[in-house]
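Data first, discussion second: the structure below is written as structure tokens.
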Amino acid sequence: MSDARTEVLARVRAALGQTGSGTTPSGKVGTAPHPEPVPRAYRAAGEHAAGSAEVIEQLVDRLVDYKALVHQVTVDALPATIATLVTELSGPARGVPSAHPDSSAGVRVVVPDGLDDGWLAALPAGTDVVRDSRERPLPPSELDAVAAVVTAARVAVSETGTIVLDGEPDQGRRAVSLVPDVHLCVVRTDQVVQTVPEAVRLLGAHPERPLTWISGPSATSDIELDRVEGVHGPRTLHVLLVAGV
Amino acid sequence: MSRTFLGLPRTLRRPDDADARHGTPDEPFGPVPHPQEPLRWGDDFPAAAKQTLKNDQLRRNLGHATQVIRTKRAAVVGEVPDWEALRDTGSAVKQQVMAQLPDLLQQLEENVVARGGVVHWARDAAEANRIVADIAKVKGADEVVKVKSMATQEIGLNEALADEGIAAIETDLAELIVQLADDMPSHILVPAIHRNRSEIRDIFLARMGDAPPDLSDVPRELAMAARAHLRRKFLSAKVAVSGANFAVADTGTLAVVESEGNGRMCLTLPETLVTVMGIEKLVPTFDDLEVFLQLLPRSSTGERMNPYTSLWTGVTPGDGPQEFHLVLLDNGRTDVLADEVGRAALHCIRCSACLNVCPVYERVGGHAYGSVYPGPIGAILTPQLTASTGGVSGHHDPNASLPYASTLCGACYEVCPVKIDIPSILVDLRAREVDADRSSRGVDPWKTAMKAASWVMADGDRFALAGRAATLGSGLGGRDHAISVAPPPASGWTRSRDLPAPPRQTFRQWWAAEHTAPVEQAGTVETEGDDR
Amino acid sequence: MRIALAATCLADTLFPGAPRATVRLLERLGHEVVFPTDQACCGQMHVNTGYYREAVPVIRNHVETFAPVADGEWDAVVMPSGSCTGSVRHQQAMVCRRAGLDDLAATAEAVSAKTYELSELLVDVLGLTDVGAWFPHRVTYHPTCHSLRMLHVGDKPLRLLRAVESIDLVELPAADSCCGFGGTFALKNADTSAAMLEDKTANVRGTGAPVLTAGDMSCLMHIGGGLSRQGTGVRTLHLAEVLASTREEPTPLPETTFSRPERPARTEATR
């Protein structure tokens, strides 16, 4: 008997009516399909420009709908906003208690090592900033012990309320934006496109990069189709929309 | 609490009795099927449905859940101005994929290997299970974490791994519920759709082991219990197993679409990732994702976009699993592909919209279909996938009853994001069943009746005679002209419905009297004997 | 117009009121109706049950009977049934081709191109929504699956009904949900069918309407069967029977779901 690869491919060819390929498991030889040409009448782009007021308004609407927390800030105000959000984490635990409610020490925050240092300039003294990179990755257990992660983003889609990270040094390894319970994600307004095709074509320049599409905090609808935000991924997603970069 | 389980897969305690297809009465969470074959278990559809229809709780749970998701889907689909154009493209792309499958599969393989992945091919379930088990063993793993995957359910991977001493931990919330309850999934997207919140609370308390004793039935609390339960597993797992929603041939990219983050955990944290994927799940180019990533979330969960989608291409040094295996699975798919009409079933992207709108599924639930693929798509996929073992071979196989499990109401076709004409395929499969049965001996009352009806209905004169004969029964119904008791097969009808008694005059008798006979047209009304 | 009537086998034999009302309506609107007596059945039952081979002679008879419409002898064929029209349009040619009968398939396609369900004929071909009907009763409408999702008649039947004088048209909750008939489904899967029917009849009863109408006698036979068994007193009338009703010649309400008066009760309808 031939190897599995050869046989599966032979079966596929037989199913498509290519003679001399043998048969499918039930002994059939199919007919050659005649597929219609692929129409592409859908919208390749939205009617609003990337970063326009319309797409920003739409993105905010969608994110809020997903129970993400949105902060629209100028580039100058960004460090202070990040500092405020991080400081809030040192207060009483919000929502469901974390597995590591160590609030006496300074807040521990992880950042990918390519993150703009300026964004962290206003963090209060005592904040424990740990850096992660592909070369020096933190083990999952350590990521589990940090309170929050700050990352940049690659592109965002307003119609679907989606932010995409592509693993570049300012966005970090996939685990970094996954294990911590709070994700502060910085998105420049000029990164916001209206439609999914616009984003896919942009991402298609580097299809080999590991991509994480994020649309709100993690959620489940597995119990009576009731949506519950916050399961295994970060339970809190802050989106910092930065204008005027 | 009679037993405590820390996420042990149900098969570790599966009874040895190979015929144990249903839970025993001491099963605390109701009689549930224990299939030996994930694509063929239990009674044929009419008998299985008769049983599940008796479960009022199930019908209430399903009625509520499908109603909620139908409404959500309709709302988010309604706001997409080019939805029909997206469906047209999705359908056409999938047709192209099927036509070019040998080339695309090889292209995918080449690209995955070029990026450091390992590609395996599996002719059937046993071969795929063997591959996964061997990888886990080489890695020294006695436990693997799993992302919800239809392909691995279809091959009974958890059971096969259990037989090798490897525990497969389902990490999707609904799959976890199903696994803890020793149950079977009843929906493609929401496998525990047949369970309500209080049942889930009871399952967690009895079976999770580390559930808080004061756990309530609030969905958020239940989800948090699952989070805590699974977190340690995620952080320590060495091997993860997933399915794939899409594989991009021209880049070697794999995609998993999910909500909870359990998928990201499995796809990211363990050192080794094994993805089991049906050979039909390809798209030709990366750009094609722009179509399917719009069609899938809105059709499945009724969201504009699902919370998380992960895309990866082979191995990324320093980020995520450093060993990636892709298992390409046939397991009957080439038999489906060989059918000119039925092959469109392979276009399915497993959104489950057809289940949610199906009036039959809504009443009987997923278990009645006796397959991990329930609902309308299951009714066309399951018989075809099991064709080599008798799935479309006539009426003796339980799967042969599935193409008849539909009124052909067309709701499934209307919502299908890739426009699979499910009603037409159902009818075509019925024809294949009938043809397969033609050679069988013995008296089939349907065959006899259909042949007789064909003779009568192929000729106006014969049909007129039959109609005239029927009018002789016009007195049968009594004063209300309703017949309440009839012999088989009409007895199935009259159990819950009346039949009309035939009229005293057929239409064509009336026509002959009024329009062709030389009588006064004005007399029409007076000569009418029947004014229905 | 010269319009050929395909009465459908079910209505011809069991519910002659529907095709008779179709004749009455079209003649009142000034058209000539022809009934080719060679007709019997469109073949839908055989096709949907998988008996393609047995369907072929039935389809051949239908196609040959109505072939003159393709040559212009008649302007259109009308069928007072969504599912039969659907079968003509989407199944007949396919079954012929599968049997290797390409010529018959081509004729079937030519006939089907001029075959219309009643509401399609009235609205699309004749350009009417007000057919001058009068029907002073509360009525609820079940759209039937094949009219809705195979023919896509949309709201054409409802537009016709809304234009009926004195009608009290009330919405049927979950109207687009299947009644559970499905031809032989009602026999092969009788329990599931009954569960679906139960919900449909509950919704019909909830409207308080004494009349349920639809464009398909098969669905009406099924829902009516349930309504009759439950002793609801709700009557089923084909859309044509409602639209054919006028002040001068009203369609009377039957006493019970399946009952029929010995002679027209002309005064009852004016109550």
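In what follows, every chain begins at residue 1, and chains take the letters A, B, ... in the order their sequences are listed.
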Please tell me if the side chains of B/E514 and C/F35 come closer than 4.5 Å, counting only heavy atoms from C-beta onward.
no
Using a cut-off of under 4.5 Å for heavy-atom pairs, which of C/A11, C/C42, C/S193 has the most such pairs with chain B?
C/S193
In terms of heavy-atom pairs under 4.5 Å, which option from B/L499, B/V364, B/D459 contacts chain C the most?
B/D459
Let me know if C/V47 has heavy atoms under 4.5 Å from chain B in its side chain, its backbone, both or neither.
both
Let me know if C/R53 has heavy atoms under 4.5 Å from chain B in its side chain, its backbone, both or neither.
both
Using heavy-atom distances under 4.5 Å, tell me whether B/A453 contacts chain C through its side chain, its backbone, both, or neither.
both
Residue, of C/D12, C/L187, C/T13, C/N61, that accumulates the most heavy atom pairs under 4.5 Å with chain B
C/D12
Which one, B/V456, B/D461, B/D428, leads in non-hydrogen pairs under 4.5 Å with chain C?
B/D428
Report which part of B/L53 has an atom under 4.5 Å of a heavy atom belonging to chain C: side chain, backbone, both, or neither.
side chain
Top residue by heavy-atom pair count (under 4.5 Å) with chain C, among B/A464, B/S406, B/A49, B/A368?
B/S406
Is the shortest side-chain heavy-atom distance between C/Y51 and B/S454 below 4.5 Å?
no
So what's closer than 4.5 Å to chain B heavy atoms on C/V33: side chain, backbone, both or neither?
both
If you count heavy-atom pairs under 4.5 Å between each of C/M45, C/R60, C/H62 and chain B, which one has the most?
C/M45
So which part of C/M221 gets closer than 4.5 Å to some heavy atom of chain B, the side chain, the backbone, both or neither?
both
B/E362, B/R468, B/E414, B/Q509: which one forms the most heavy-atom pairs within less than 4.5 Å of chain C?
B/E414
Need one label for B/W446: side chain, backbone, both or neither, based on atoms under 4.5 Å from any heavy atom in chain C.
both
Contact leader toward chain B among C/T65, C/L227, C/T201, C/T184, where contacts are heavy-atom pairs under 4.5 Å:
C/T184
Region of C/L5 in contact with chain B, defined by heavy-atom distances below 4.5 Å
side chain
Between B/R87 and B/E84, is there a salt bridge with N-O shorter than 4.0 Å?
yes
Which answer fits B/A470, side chain, backbone, both or neither, if we ask what part of it has an atom under 4.5 Å from a heavy atom of chain C?
side chain
Centroid-centroid under 6.0 Å between B/Y404 and C/F185 rings
no
Kindly indicate, with the supporting measurements, whether the criterion side-chain contact (heavy atoms from CB on, under 4.5 Å) is fulfilled by C/M94 and B/S424.
CA-CA 10 Å; C/M94 177 273 291; B/S424 292; over 6 Å; no
Donor-acceptor pair, distance only, cut-off 3.5 Å: does the side chain of C/D191 make one with the backbone of B/K50?
no
Honestly, the part of B/R462 sitting under 4.5 Å from a heavy atom of chain C is neither
For the interface with chain C, which of B/P46, B/G492, B/C409, B/G467 has the highest count of heavy-atom pairs at distances below 4.5 Å?
B/C409
Part of C/D38 within contact of chain B (heavy atom distance under 4.5 Å):
backbone
For B/W511 and B/H515, take the angle between the two ring planes, folded into 0 to 90°, and tell me which bin it lands in: parallel under 30, tilted 30 to 60, perpendicular over 60.
parallel
Decide, yes or no, whether a salt bridge links C/R24 with C/E248 under the criterion of side-chain N to carboxylate O below 4.0 Å.
no
Determine whether the side chains of B/S401 and B/D44 contain a donor N or O and an acceptor N or O closer than 3.5 Å.
no
Under 3.5 Å, is there a donor-acceptor pair between the B/T66 and B/N356 side chains?
no
What part of C/Q230 lies closer than 4.5 angstrom to a heavy atom of chain B: side chain, backbone, both or neither?
neither
C/T236, part contacting chain B, at a heavy-atom distance under 4.5 Å
neither
Test side-chain contact (heavy atoms from CB on, under 4.5 Å) on C/V56 and C/V95 and set out the steps.
CA-CA 7 Å; C/V56 168; C/V95 171; 4.0 Å; yes
Do the side-chain N and O atoms of C/E241 and C/S245 include a donor-acceptor pair separated by under 3.5 angstrom?
no
Region of B/F507 in contact with chain C, defined by heavy-atom distances below 4.5 Å:
both
Give a yes or no on whether the backbone of C/E249 and the side-chain of C/T246 come within a donor-acceptor separation of less than 3.5 Å.
yes
Relative to chain B, which segment of C/A7 carries a heavy atom at a distance below 4.5 Å: side chain, backbone, both, or neither?
side chain
Side-chain donor or acceptor of B/R497 paired with backbone N/O of B/W493 under 3.5 Å:
yes
Which atoms of B/R363 approach chain C - backbone, side chain, both or neither, heavy atom under 4.5 Å
side chain
Identify which part of B/R432 has an atom lying under 4.5 Å from any heavy atom of chain C, answering side chain, backbone, both or neither.
neither
Begin from the C-alpha positions of B/V341 and B/L429 and carry the test side-chain contact (heavy atoms from CB on, under 4.5 Å) through to its verdict.
CA-CA 9 Å; B/V341 177; B/L429 285 170; over 6 Å; no
For chain B, which of C/A21, C/C145, C/A55, C/G43 has the most heavy-atom pairs under 4.5 Å?
C/C145
When you compare the side chains of C/S83 and C/Q44, does any donor N or O come within less than 3.5 Å of an acceptor on the partner?
yes
Sort C/T49 into side chain, backbone, both or neither according to what part of it lies under 4.5 angstrom from a heavy atom of chain B.
both
